[in-house]
Amino acid sequence: MTDKFISIEGIARRYPGASGGTTTVFENLWLSMARGEFGCVIGHSGCGKTTVLNILAGLDEPSEGAVIVDGQAIEGTSLDRAVIFQSHALLPWRTVLGNVAYAVSSKWRKWDRARVKAHAQKFIDLVGLTGSEHKRPSELSGGMKQRVGIARALSITPKIMLMDEPFSALDALTRGTLQDEVRRICLETGQTAFMITHDVDEAIYLADKIFLMTNGPGAVLAEIVENPLPKDRGRIDLHRHPYYYALRNHIIDFLVTRSKSFTADVTNHDPRNVPTVRPGLTEPTIVSSPRAIETSPVQTIAR
Amino acid sequence: MTFSLRLRAAIVSVVLFAAFIGVWHLATRSSGPATNMSPEYAKLMGLTATQGKSAMPGPLDVGAKLWEHLKRPFYDNGPNDKGLGIQLAYSIGRVGLGYLIAVIVAIPLGFLIGMSPLISRALDPFIQVLKPISPLAWMPLALYTIKDSSISAIFVIFICSVWPMLLNTAFGVASVRKEWINVARTLEVGTVRRAFTVILPAAAPTILTGMRISIGIAWLVIVAAEMLVGGTGIGYFVWNEWNNLSITNVIIAILMIGIVGMLLDQILARFTRMVTFPE
């Protein structure tokens, strides 16, 4: 990791506990990402994922440590870091165009109306909402609302896109199409993105690096999983890739068992040097019985 | 044959109105000439005694008088005899002015209270004590300090309409959804622009609801205030006609107070609908 575009350096978050003490959600968290990378954080609820994202966004402050983006320590929110909220957070009294234009005119204060409108329109077209510019959020479906949220975040051409479970409130079909859109846009524009998700397949499809966090309180970044799947992977045939199940099983195993026991099992864990894992074919796979192969119609056809 | 709900409701309303007028008419009609009365004595006694006429005017008397008022709403025959239109205009003018001052004070102050937990807590005891005071209790103090009855009435309107607006504005501003504020924060929107582009539109329905409650209270209070300060206005008119024992005029004034109050409420209701957004 030579190019540290985003570098989270030893941040901690503590809350005053019920009985006078303090509750540490996580501490001594180190994490870095290169420019143009797509990072996903996976972990159970309460491990502080959202807090990490909010600290990155500048909406929250770490109790200790610092976050450096593009060589500068961040201080508060910035137009360089756009957030796509889980609940889309559109302003309901503004139209689709109005919501995107609000972001555009916040970034470029001196632009005239026509220029703001044209710029906003470009991003509305990009997320496939052409023709719905003058609708209000209440007239849109959940997926369309989140598209507006994406258009709003992209329209300010941020250095980083931060996404807090952006598709968790959507139905599976809509989620799939939006994942495609986000992947396409991120690949086309070389966008650096940081996303929180609960969906393992979403992480496998979108992320270059998957950050696994143990359970809170006292959560740590246990492992960085590098995605072994090719860049040009498609959502439809993702599961046909030979490395897919190794990767998926690795993450699921972590979430099911290791996320609970990790801090107790691994005593020499160095938060500054988190191991990077790249699941491949060496993972054990289930072998079908010989009899099943003999009677399998697939085998017959293959011959 | 089925009518729409609206039409059926209208029919029931008309029937109820007709029934009310009918009962009123029957209850106040003459019971026929009283017997055994010398013409001179009858002349002295008036219709109530001689024709058995009720002291309460019937709907026809009120209707005739109302028509008279409506034909000449703006005549001015001196301090005690002005048209109904002039009296209402005085009252609406006082309410409007007091209410306007209340808006100018309550909305910025409410914004401040809603946005700053410190100010909110610091001002809370004062608001809690001042709010339940009957606006008319301020009247002597206002008369003593301001030394002008008309301005005192305006002050009373101000003091009664300021609280609902202040509290609703503070509540509306304080309960703006956190995510909308966060949107503005991530877009580096300054405090002033944030107040006008996010907080104001988000809190507008709550603020307008407070304003609607306020105009209702202001209109309730102006009648009582004008009875005290005298001179002009619909409240004074009611009291003056009571002193004249013109129950017909009192009834007409009551009707007018109701209609104007309804109109004021409807205007604010329309504004509230304009700023309300569906989520």
Side-chain angles (χ1 to χ4, degrees), chain A residues 50 53-61 74-95 98-109 116 120 135-140 142 145 148-149 152-153 155-164 166 169, chain B residues 103 107-108 110-111 114-118 121 165 168-212 267-279:
Chain A
T50 301
L53 185 122
N54 281 346
I55 290 171
L56 259 174
L59 292 169
D60 205 343
E61 276 177 23
I74 64 163
E75 220 168 283
T77 56
S78 163
L79 283 159
D80 290 338
R81 284 165 274 131
V83 184
I84 298 176
F85 296 88
Q86 182 178 7
S87 53
H88 59 76
L90 299 180
L91 306 177
W93 53 89
R94 284 175 177 266
T95 60
N99 267 288
V100 181
Y102 184 64
V104 175
S105 61
S106 298
K107 171 122 187 183
W108 295 282
R109 307 260 156 105
V116 167
K135 285 189 179 155
R136 292 193 186 264
S138 58
E139 300 168 69
L140 303 177
K145 281 182 200 165
V148 183
R152 179 172 64 184
S155 70
I156 56 171
T157 57
K159 286 180 183 169
I160 310 168
M161 261 219 299
L162 302 167
M163 294 175 263
D164 185 3
Chain B
V103 170
I107 290 178
F111 250 78
M115 289 176 92
S116 155
L118 173 76
R121 283 180 184 226
M165 276 194 257
N168 264 47
T169 306
F171 175 73
V173 169
S175 50
V176 172
R177 292 250 288 272
K178 192 92 201 300
E179 46 180 339
W180 296 336
I181 305 279
N182 281 347
V183 167
R185 282 177 66 197
T186 55
L187 293 174
E188 289 189 65
V189 174
T191 317
V192 176
R193 187 161 177 258
R194 192 197 304 175
F196 280 101
T197 57
V198 177
I199 297 171
L200 187 61
T206 321
I207 296 174
L208 260 293
T209 307
M211 289 174 72
R212 191 173 167 192
I267 292 169
L268 264 296
R270 174 151 298 187
F271 283 137
T272 310
R273 273 199 298 277
M274 272 167 58
V275 298
T276 304
F277 46 85
E279 282 201 46

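A note on names: the letters A, B, ... follow the listed sequences, proteins ahead of strands, and every chain is numbered from 1.
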Run the side-chain contact (heavy atoms from CB on, under 4.5 Å) test against A:A101 and tell me which residues pass, sequence neighbours left out. A:V116, A:A120
If I measure from the heavy atoms of chain A, does B:A202 come under 4.5 Å with its side chain, its backbone, both, or neither? both
For B:V198, is it the side chain, the backbone, both, or neither that has a heavy atom closer than 4.5 Å to a heavy atom of chain A? both
Is chain B contacted by the side chain of A:L162, its backbone, both, or neither, given a heavy-atom distance below 4.5 Å? neither
Residue part contacting chain B, namely of A:I156, when any heavy atom lies under 4.5 Å: side chain
Step through the atoms of chain B and chain A and list each donor-acceptor pair whose separation is under 3.5 Å.
{"unit_1": "B:E179", "atom_1": "OE1", "unit_2": "A:S87", "atom_2": "OG", "d": "2.4"}
{"unit_1": "B:W180", "atom_1": "NE1", "unit_2": "A:L90", "atom_2": "O", "d": "3.1"}
{"unit_1": "B:R185", "atom_1": "O", "unit_2": "A:T77", "atom_2": "OG1", "d": "2.5"}
{"unit_1": "B:R185", "atom_1": "NH2", "unit_2": "A:L59", "atom_2": "O", "d": "3.3"}
{"unit_1": "B:E188", "atom_1": "O", "unit_2": "A:R109", "atom_2": "NH2", "d": "2.7"}
{"unit_1": "B:E188", "atom_1": "OE2", "unit_2": "A:L79", "atom_2": "N", "d": "2.7"}
{"unit_1": "B:R193", "atom_1": "NH1", "unit_2": "A:S106", "atom_2": "OG", "d": "3.0"}
{"unit_1": "B:R193", "atom_1": "NH2", "unit_2": "A:S105", "atom_2": "OG", "d": "3.3"}
{"unit_1": "B:T197", "atom_1": "OG1", "unit_2": "A:Y102", "atom_2": "OH", "d": "2.7"}

Has B:F171 got more than 12 heavy atoms of other residues, nucleotides or ligands less than 6.0 Å from its CZ? no
Look at A:L79, A:V83, A:L90, A:L91 and state which one has the largest set of heavy-atom pairs under 4.5 Å with chain B. A:L79
